[in-house]
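Worksheet: the structure to be examined is printed underneath.
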Amino acid sequence: MSRYNNIIQKTSEDGKKVTKPVIYPPIPKSDQDIYVRTVVGDRLDALAQTYYGDVSSWWIIATANNVGKGTLSVPAGTLLRIPKNTLQIDTDYINLNNY
């Protein structure tokens with residue numbers, strides 16, 4: 001699964017390709033969130049698979065922790081918050097991006 005799956009590209013009336021920006025919702029902290037300390041080789045997509053069963057949910061972990069700008073790798077020893085309220089996060093994402 002590509003990290004670019006959320007990017008929508010359309011062709012304008014004049015034939016130019018236009019990319020719609022993806023807007024990620026703020027992800028407030030919750031008592032249900034869990035915290036993990038990363039080890040060598042951890043990646044956002046692999047962590048999303050482990051905790052959500054879906055590699056494409058990497059952006060939830062990245063957004064909640066303000067990481068992953070340009071890479072899915074995470075430095076070893078980083079303390080990451082893994083949000084558990086994914087249903088609300090997905091709903092907020094859909095609403096922000098007009099799907």
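The first residue in the sequence is number 1, and the count goes up from there.
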To the closest 0.5 Å, what do you measure between CG (Asp45) and OG1 (Thr50)? 9.5 Å
In Å and rounded to the nearest 0.5 Å, what is the OG1 to CD1 distance from Thr38 to Ile61? 11.5 Å
Quickly, which of Thr91, Asp92, Asn85 forms a side chain to side chain donor-acceptor pair (under 3.5 Å) with Gln88? Name it, please. Asp92
Over 12 non-hydrogen atoms of neighbours within 6.0 angstrom of CG in Leu87: no
For atom CG of Asp14, is the number of surrounding heavy atoms from other residues, nucleotides or ligands below 6.0 Å larger than 12? yes
Checking [X] side chain against [Y] main chain: does a donor-acceptor pair fall under 3.5 Å?
X	Y	result
Arg37	Thr78	no
Thr11	Lys16	no
Ser57	Ala48	no

Are Pro83 and Tyr52 side-chain neighbours, meaning at least one heavy-atom pair lies under 4.5 Å? yes
Closest approach of [X] and [Y], non-hydrogen atoms and distance?
X	Y	answer
Arg81	Pro28	NH1-O, 3.2 Å
Leu44	Thr71	CD1-O, 4.2 Å
Tyr51	Lys84	O-NZ, 4.0 Å

Please tell me whether Val22 and Ile27 are part of a single hydrophobic cluster in this structure, the criterion being side-chain heavy atoms less than 4.5 Å apart. yes
Leu47, Ile34: one ILVMFWY side-chain cluster at the under-4.5 Å cut-off?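 Yes, one cluster joins them.
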Intermediate values then yes/no, side chain to side chain contact (heavy atoms under 4.5 Å, CB included), Tyr93 and Ile60: CA-CA 10 Å; Tyr93 174 83; Ile60 295 173; over 6 Å; no
Please step through side chain to side chain contact (heavy atoms under 4.5 Å, CB included) for the pair Ile89 and Trp59, ending with a clear verdict. CA-CA 11 Å; Ile89 295 166; Trp59 65 270; 3.5 Å; yes
